[in-house]
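See structure below.
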Amino acid sequence: MNASHEIDLNHWNRLSKFRYYRQFENQLFNITLQADAGPLYDYARQNRQSFFLMTLFAILKALNRVPQMRQRITEEERVIEFEHVAALTTIMTQDGEFNMALTEYADCFHDFRIQAASAVEEAKTGKFDPDVRKRNDYICASCVPWYGFSALSQAALSLKQSIVILAWGKMDEHSRIPISLQVNHALVDGIHVGHFLKFTEENFLHPETL
């Protein structure tokens, strides 16, 4: 079971910013980043691993190092911080549509791959447990391998939502991939996005440590 704790808002150094942004009709901001995925791609190919799963894990592991991206706002306006978050990712099905696969977090790629590969295969056949959506200890992650992009805005069920949504695109001729990130400004600032990018770049450059 994923552990979590509630942040004491009365002793939270972010309380004034939190209350300020919770007044906004649209609290979300989108940003597109670029990261060198060449070493990760080469490592995956040489070791016969899924580049998709390695990229997903490298991004997810980086995101889990940023506490603000593990925080969620409840319907009662409480702020919960999870010990870790999983990734709910889109998977192409056999009929050309897409389904969702829940890939649970693990400390190393070996353990992540075992569970994630099974979830991906089930998703390809159309299997998905809708009860997963009752959770909020995950991010939404999509890969769009058909093209790159310089900007991308994510769909939002609510403009007050706090679940992180991201997507990454096709690797270009310089081995860079775009990563689009949507976060709630009540929880996340630009500096936190910067931390996420730094950790992602470290994982991409040193895939043997994953």
Side-chain angles (χ1 to χ4, degrees), residues 1-4 33-67 69-70 82-146 148 163-172 175-181 195-210:
M1 184 175 179
N2 192 4
S4 65
L33 313 166
Q34 298 281 336
D36 180 4
L40 183 75
Y41 176 79
D42 292 340
Y43 183 89
R45 183 178 59 180
Q46 292 165 7
N47 291 273
R48 298 183 179 181
Q49 298 291 344
S50 164
F51 180 50
F52 165 73
L53 286 181
M54 288 210 74
T55 304
L56 176 62
F57 180 68
I59 290 172
L60 181 62
K61 189 171 185 178
L63 186 143
N64 269 280
R65 291 183 65 183
V66 184
M69 295 191 186
R70 291 185 273 108
F82 290 100
E83 183 177 283
H84 51 74
V85 292
L88 186 62
T89 187
T90 53
I91 301 296
M92 291 294 294
T93 61
Q94 297 168 349
D95 60 0
E97 294 296 325
F98 75 86
N99 195 15
M100 306 300 292
L102 182 70
T103 55
E104 298 285 3
Y105 180 73
D107 290 330
C108 67
F109 177 69
H110 176 268
D111 293 342
F112 174 80
R113 177 180 56 81
I114 293 172
Q115 182 276 142
S118 176
V120 167
E121 289 307 310
E122 286 193 358
K124 288 180 179 178
T125 65
K127 295 180 181 178
F128 176 69
D129 181 2
D131 284 344
V132 166
R133 297 189 183 279
K134 295 178 181 179
R135 297 171 51 172
N136 61 1
D137 60 335
Y138 61 81
I139 66 167
C140 293
S142 299
C143 175
V144 286
W146 309 280
I163 290 178
V164 176
I165 301 179
L166 63 83
W168 73 95
K170 182 180 180 179
M171 189 168 64
D172 66 17
S175 299
R176 298 182 68 80
I177 64 170
I179 304 172
S180 171
L181 189 69
H195 294 329
F196 163 73
L197 177 60
K198 175 178 179 288
F199 298 145
T200 298
E201 289 177 327
E202 289 175 356
N203 291 341
F204 281 6
L205 290 175
H206 304 285
E208 70 281 357
T209 65
L210 295 176

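What you see is a predicted model, and the numbers here were worked out from it, not measured in a lab.
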Please give me the minimum heavy-atom distance between [X] and [Y], naming the atom from each residue.
{"X": "Leu102", "Y": "Ala86", "result": "CD1-CB, 4.1 Å"}
{"X": "Pro207", "Y": "Pro39", "result": "CG-O, 3.6 Å"}
{"X": "Ala44", "Y": "Phe51", "result": "CB-CA, 4.0 Å"}

So which of Phe109, Tyr41, Phe204 actually passes side-chain contact (heavy atoms from CB on, under 4.5 Å) with Met54? Phe109

Against Thr200, only a single residue in Ile177, Ile179, Leu40 fulfils side-chain contact (heavy atoms from CB on, under 4.5 Å); can you say which? Ile179

Taking the side chain as everything from C-beta on, heavy atoms only, tell me whether [X] gets closer than 4.5 Å to [Y].
{"X": "Phe112", "Y": "Leu210", "value": "no"}
{"X": "Ile59", "Y": "Phe196", "value": "yes"}
{"X": "Phe52", "Y": "Trp168", "value": "yes"}
{"X": "Pro178", "Y": "Gln34", "value": "yes"}

Apply side-chain contact (heavy atoms from CB on, under 4.5 Å) to residues Glu121 and Thr125 and explain how you reach the verdict. CA-CA 7 Å; Glu121 289 307 310; Thr125 65; over 6 Å; no

Below 4.0 angstrom, N of the basic side chain to O of the carboxylate: do Glu201 and Lys198 qualify? no

Contacts of type salt bridge (Lys or Arg N to Asp or Glu O under 4.0 Å), residue Arg70, not counting sequence neighbours: Glu81

Nearest-0.5 Å distance, [atom1] of residue [X] to [atom2] of residue [Y]:
{"X": "Gln115", "Y": "Leu53", "atom1": "CD", "atom2": "CG", "value": "10.0 Å"}
{"X": "Lys170", "Y": "Cys143", "atom1": "NZ", "atom2": "SG", "value": "11.5 Å"}
{"X": "Met69", "Y": "Leu166", "atom1": "CE", "atom2": "CG", "value": "9.0 Å"}
{"X": "Leu197", "Y": "Glu202", "atom1": "CG", "atom2": "CD", "value": "10.0 Å"}
{"X": "Asn203", "Y": "Arg65", "atom1": "CG", "atom2": "CZ", "value": "7.0 Å"}
{"X": "Ile91", "Y": "Met100", "atom1": "CD1", "atom2": "CE", "value": "8.5 Å"}

When you measure from the side chain of Ser142 to the backbone N and O of Ala167, does any donor-acceptor pair fall under 3.5 Å?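 Between the backbone of Ala167 and the side chain of Ser142 there is no qualifying donor-acceptor contact (under 3.5 Å).
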
Between the side chain of Asp36 and the main-chain N/O of Gly38, is any donor-acceptor distance below 3.5 Å?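 Yes.
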
Sequence neighbours left out, what pairs pass side chain to side chain donor-acceptor pair (under 3.5 Å) with at least one residue falling in residues 101-112? Glu104-Arg135

